[in-house]
Protein chains: 2
Amino acid sequence: MIQNIQIRELTPRHLRQSCSNCSLRELCLPIGLNPEEMQELDAIITQARPIKRGEALYRAGEPFKSLFAIRVGFFKASVISEDGREQVTGFHMSGELMGMDAISSDFHTCDAIALEDSEVCELPFGEIEELAGDVPLLQRHLYKVMSREIVRDHGVMLLLGNMKAEERLAAFLLNLSQRFAIRGYSSTSFHLRMTREEIGSYLGLKLETVSRTLSKFQDQGFIKVQNRLIEIIDGDSLKKLLSNCQGE
Amino acid sequence: MIQNIQIRELTPRHLRQSCSNCSLRELCLPIGLNPEEMQELDAIITQARPIKRGEALYRAGEPFKSLFAIRVGFFKASVISEDGREQVTGFHMSGELMGMDAISSDFHTCDAIALEDSEVCELPFGEIEELAGDVPLLQRHLYKVMSREIVRDHGVMLLLGNMKAEERLAAFLLNLSQRFAIRGYSSTSFHLRMTREEIGSYLGLKLETVSRTLSKFQDQGFIKVQNRLIEIIDGDSLKKLLSNCQGE
DNA sequence: TATTTTATCTGATCTAGATCAATCTTTATT
DNA sequence: AATAAAGATTGATCTAGATCAGATAAAATA
């Protein structure tokens with residue numbers, strides 16, 4: 001299903017809910033490591049770092065040192081073209097890993113901006129890499145996470161290249177809904193952390209089109225919009241919009 | 001520069017031109033391994049496999065076993081949505097690695113179709129992964145290659161989300177040009193392996209728009225088009241089109 | 001070589017979404 | 001609380017690119 005393409009899977013909650021301190025274990029790399037390996041991992045990870053809303057976790061051009069696991073919060077990632085146009089490449093929430101684009105060149109290639117007060121764990125890549133050499137499960141997990149990012153990106157390409165405004169918005173809302181659900185939040189009522197303009201940038205639309213389309217969905221009884229609060233009234237109709245997007 | 005965003009770097013030619021048989025060494029992973037490591041790598045890689053034009057190297061849904069290094073030839077990668085719409089996610093040429101999207105789920109998520117008679121080396125991922133655990137340089141290289149794919153995808157998102165038809169075509173032509181140049185082919189005269197429709201799918205345009213825009217470039221004296229043969233007459237003007245794409 | 005089939009080009013028209021513009025609402029700041 | 005700034009909505013208009021349609025041209029096949 002189209003709306004699944006960009007979804008990141010997470011480990012079931014029961015596997016990570018018991019941990020209270022920041023660690024890879026409970027977040028992005030919750031794999032079957034033995035206690036000893038776990039300890040090595042924990043030793044690498046620095047204490048959770050708070051990022052205030054509006055602050056940058058990193059910016060394009062900065063030297064790459066670490067990946068970041070989002071402990072709590074919400075980020076946007078975006079590339080800025082030389083002429084100043086912003087393309088939001090993704091929205092990221094708790095349990096997700098950011099910064100993988102920087103591995104290739106040792107410099108960050110996008111900005112990561114907190115859209116709400118957040119906390120991240122810093123994972124020094126050199127050390128993670130070294131440990132991964134000794135811990136096959138960790139190594140494999142890193143490959144999987146990167147691969148998942150590639151798959152997600154392909155889903156966005158499909159969206160940008162083939163879908164029309166309503167389909168894009170429907171896919172976007174359903175994707176957010178699912179990701180909130182996975183994290184134990186309501187899938188039918190949630191707060192958008194980003195502006196209409198940022199949604200538009202992500203979806204390849206202008207903010208006016210985003211606004212109009214949300215209003216239209218509301219008029220059709222699919223959702224209820226109160227500024228940034230979204231209530232999904234009729235998710236099936238949204239899903240139908242997606243499967244209806246016949247190209248033939 | 002926008003047109004560089006999707007470019008894959010390759011190792012300088014002198015590092016790989018001496019090898020005649022198919023190997024990672026000369027292709028996608030030309031890193032400073034010692035002779036012993038080299039041998040282990042070679043042992044893993046199966047003999048070059050020919051893929052005829054039009055044939056699939058793999059298809060979405062097939063179980064994942066190996067990555068593929070393109071030895072010679074040209075491929076398109078595409079995802080097909082349930083309703084049958086194709087989105088070309090990339091064109092790949094010699095020296096590039098395909099199939100990384102499949103690591104995340106152990107199934108291929110896109111089709112890889114040869115656009116000319118090609119040859120690939122199969123890299124059984126399980127074995128590569130195992131060797132990577134013992135050979136840090138190989139491990140690091142795999143991370144880098146995957147990261148580069150993510151960066152490339154972000155470039156395509158920028159193109160699809162922000163650029164207009166002329167800019168997209170200019171970026172596309174310049175990107176091909178550079179990639180041919182890196183491989184020792186002419187950067188100013190090359191044969192398109194794909195149809196106008198496939199170009200359109202990649203760039204988020206209809207084939208008619210691709211055709212019209214190529215004609216327009218020809219009228220402006222930027223390029224010469226003879227069916228699939230492209231001659232770049234005035235590359236600077238194409239580049240200017242890209243830097244001119246002011247969004248403010 | 002003749003004959004399909006497939007790909008490309010070009011023109012005419014249409015439309016989804018952009019752009020321009022004004023108002024309204026929420027949030028931040030004093 | 002008052003004011004300023006930022007974000008969101010809604011309407012009117014415009015346009016880049018889609019769609020429809022027909023004409024060529026190239027490539028595949030008989």
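The sequence lines fix the lettering, A, B, ..., with proteins before strands; numbering per chain opens at 1.
Residue A/T195 places its side chain closer to D/dG7 than to any other of C/dC9, D/dA16, D/dG7. Side-chain atoms of B/L207 lie closest to C/dT8 of the nucleotides C/dA12, C/dT19, C/dT8. Of the candidates C/dT19, C/dT10, D/dG17, C/dT19 carries the atom nearest the A/K206 side chain, counting heavy atoms from C-beta on.
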Can you check nucleotides 27-30 of chain D for protein contacts, nitrogen or oxygen pairs under 3.5 Å, and list what you find?
unit_1, atom_1, unit_2, atom_2, d
D/dA28, OP1, B/R53, NH1, 3.0

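Phosphate proximity of C/dA16 to A/T209: absent, as no side-chain N or O sits under 4.0 Å from OP1 or OP2. Contact check, A/R212 against C/dA16: no side-chain N or O comes under 4.0 Å of OP1 or OP2.
The base of D/dT10 lies outside donor-acceptor range of the side chain of A/R196, with no N or O pair under 3.5 Å.
Separating the CZ atom in B/R53 from the CG atom in B/L115 is a distance of 8.5 Å, to the nearest 0.5 Å.
Within a 6.0 Å sphere centred on CD of B/E116, other residues, nucleotides and ligands contribute more than 12 heavy atoms. The number of heavy-atom neighbours closer than 6.0 Å to OH of A/Y185, taken from other residues, nucleotides and ligands shown, is 12 or below.
By the 4.0 Å N-to-carboxylate-O rule, A/E119 lies too far from A/R49 to be salt-bridged with it.
At the heavy-atom level, A/L205 lies under 4.0 Å from the strands shown only through sugar-phosphate atoms.
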